[in-house]
Structures are given as C-alpha cells and as structure tokens.
Amino acid sequence: MAEPAPSRFLPRRWIAEARDALTSILIPAPCRLCGELLNHSSRIPICNSCLDNFPRVPSKLCAVCGLPMPDIAEVPGEQLKCSACRLETYAFERARSFAIYEDAIVRAIVMLKFDRIEPLAKWFAERLAEIYSTNAELLNADVVVPVPLHREREKERGYNQAELLSKPLAKMLRLPHRGVLLMRTKPRPQKLVLTLRERWAAVRGAFEIRPGSQVDNLRVLLLDDVMTTGATLDACSKALRDAGAKSVVALTVARAARNPLPGSGES
Ligand SMILES: [Zn+2]
Ligand SMILES: [Zn+2]
C-alpha cells in the first residue's frame, strides 16, 4: 500500500508557522512594541532592544511575595517583608517575577493573552527558568502547574496563556507538567475592572483540585502571566495545600508594584 504523503500528517499550525518564518525572512516585520524593523531571525514579534528594556524587578524585594521594595531601608540580618507578608496573607511560600507590570510588558502580555504568540511565551519561560535556577533553594519544586482558566473562558479563548508559559518552563527545568491538576470552578465576574476587594472576593474558593489527582506531599511551582494582588495565586495555593501539597511557590512574568491588600487606599 502506498504511504500517504507526509504533509497530510503535518499539523496545520506547523505549516502556518513555517509560512510565517519564511515571510519574516523575506519581508522584515516591524517590532510590535516600538515599530522598528525586527533585527533578529527568531519568531518573536518584538525587537531585541525592547526585549532588553522590559523593566526588571529590582533585587530589593519582599523575601516572600517578591514585591519590589526599592525605597525600604534594609536591616542587616533581617529579611525584607512587605506589609501583606508581615500579616502572612498568602498561602504560597514564595513568589518571584521577571518584570514590573507597566508599559511595554502590559502590551506584551496582551499579545500572549489574545494572539497566542508561543515564541514570546517561550522567551518569557527562559527568563523564568533563569530566576528559578538562581533561586533554586527557595523555589525548589517537583511539578509545574499553570493557573487554570474557567472552562468557559478557555473555550472562548482557545487556550490558557499561563499554560503557554508553564509547558516550555517545565521542559527547561526537566519537571513534570501537570496542566489539568487544578481547575477553576467559579468564573471571573463579568465586570471589566474590579476593585481590590472584588478581586479577592472573586477568587475565594474559585479553584479546586481535579478529582482523582494526586497532590500529596508535592512541591508545586505555580505559573501565571501576571501577579497583581496575589489573590489568584493565593486561592490556587490554598486549594493545593488543602489537598495535601507540601509547598507552593509561584513564578509570573510580571508583577504589579503596589500594595496588594484591600484597605490600602487603592481601588
Ligand atoms: Zn522594539
Ligand atoms: Zn510580600
């Protein structure tokens, strides 16, 4: 029997990717952040200088949640802790992020959320792998788990942007990826902009462990695109800890640099 043509087995997406790669060689595309023509041959639609200029989280930060604390005086021998972590707000042990959530990175994350730009997600995953490696003793984990979307939201969007990051990261760290371990059972409210109080209320009890999943004694590395209040990571961590996880640490691409607690005067 004749072998079917191999192209029949090529997923449509591969063909599209090959076509896009070819097009970008032939016709240089503009950087989607600054408009300059792209000066590299990767399929990331952002130029090298924009990639280099994402505002990185400074080294002076809350030892627990990673909140940038550039103006706080350090006391020798004492860990820096933000007001939220002094109140033991979070169920995760540590959180760290690559960049401050402002300007260009906000637009880059929108690209992940709505355009499924996997080469960009992989580039961010590389940066998070570097953070993991340089903080290995703090972030040690057995499995990588993405923060899930509610199934209706994922159906509508077609994918989960946290998983675009967690899959390549798990591969780089050589850790198992558990994409369906957690599920979001309560959808996000329809309202577009939520106050701090509403954000915390919206995720309370919103996550559950998928029935039959084994979590006991696992050290979990949670992945998400952005940490704003930390309420989502906290709710996921609570669900994981209640199911017996030994510890939860979190990595996000970006981090809002502000007080995350309700009652801090912000809305
Ligand atoms: Zn650029
Ligand atoms: Zn903190």
Side-chain angles (χ1 to χ4, degrees), residues 20 24 27-75 78-112 115 117 119-124 127 131 135 138-139 196 199-200 203 221-222 224 226-238 241 247-266:
D20 291 350
S24 69
I27 314 156
C31 166
R32 285 186 54 187
L33 294 181
C34 72
E36 289 287 316
L37 287 183
L38 288 177
N39 46 5
H40 55 62
S41 56
S42 79
R43 291 174 39 249
I44 303 169
I46 296 177
C47 74
N48 284 337
S49 94
C50 285
L51 290 174
D52 289 342
N53 284 322
F54 285 136
R56 303 233 172 176
V57 170
S59 57
K60 217 164 151 197
L61 39 75
C62 170
V64 179
C65 75
L67 181 77
M69 300 177 74
D71 304 323
I72 303 287
E74 274 176 287
V75 180
E78 239 177 66
Q79 279 193 332
L80 265 187
K81 270 191 194 176
C82 73
S83 51
C85 291
R86 281 201 298 270
L87 295 170
E88 296 185 4
T89 301
Y90 301 119
F92 52 80
E93 284 188 7
R94 310 270 168 194
R96 292 292 183 269
S97 310
F98 161 64
I100 309 258
Y101 191 50
E102 58 183 31
D103 307 333
I105 201 113
V106 174
R107 288 156 63 202
I109 284 173
V110 167
M111 290 183 209
L112 288 187
D115 294 346
I117 299 178
L120 178 61
K122 197 171 161 226
W123 188 87
F124 283 133
R127 304 293 78 76
I131 293 171
N135 295 277
L138 297 179
L139 300 173
L196 279 178
R199 277 170 182 269
W200 280 89
V203 290
L221 172 58
L222 260 183
D224 207 358
V226 184
M227 173 172 174
T228 43
T229 57
T232 302
L233 292 175
D234 176 63
C236 289
S237 303
K238 276 204 182 86
R241 295 300 299 269
S247 63
V248 182
V249 293
L251 281 174
T252 67
V253 170
R255 171 68 199 253
R258 57 171 185 184
N259 193 318
L261 290 179
S264 65
E266 288 184 62

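Just follow the structure's listing: the first ligand is 1, and inside any ligand the first atom is 1.
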Heavy atoms only: give me the nearest V57-P68 pair and the separation to one decimal.
->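 That closest heavy-atom pairing would be CG1-CG, 4.2 Å.
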Which heavy-atom pair separates L61 from G66 by the least distance, and what is that distance?
->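 Looking at all heavy atoms of both residues, the shortest contact is CB-O, 3.7 Å.
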Step-by-step salt bridge (Lys or Arg N to Asp or Glu O under 4.0 Å) determination, R107 to D103 = CA-CA 7 Å; R107 288 156 63 202; D103 307 333; over 6 Å; no
Once rounded to 10°, what is the value of the angle centred on the Zn ion (ligand 2) between C85 SG and C82 SG?
->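 Vertex the Zn ion (ligand 2), arms to SG of C85 and SG of C82: 110°.
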How are the rings of F124 and F54 set to each other: parallel, tilted or perpendicular (split at 30° and 60°)?
->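 It falls in the tilted class, 30° to 60°.
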Considering residues, nucleotides and ligands other than E36, do more than 12 of their heavy atoms fall under 6.0 Å from its CD?
->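 Check fails, neighbour count at 12 or below.
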Give me the protein N, O or S atoms that fall under 2.8 Å of the Zn ion (ligand 1), sorted by chain and residue number.
->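 Correct list: C31 SG, C34 SG, C47 SG, C50 SG.
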Kindly compute the distance separating CG (L120) from CZ (R32), expressed to the nearest 0.5 Å.
->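 Reported value, rounded in 0.5 Å steps: 9.0 Å.
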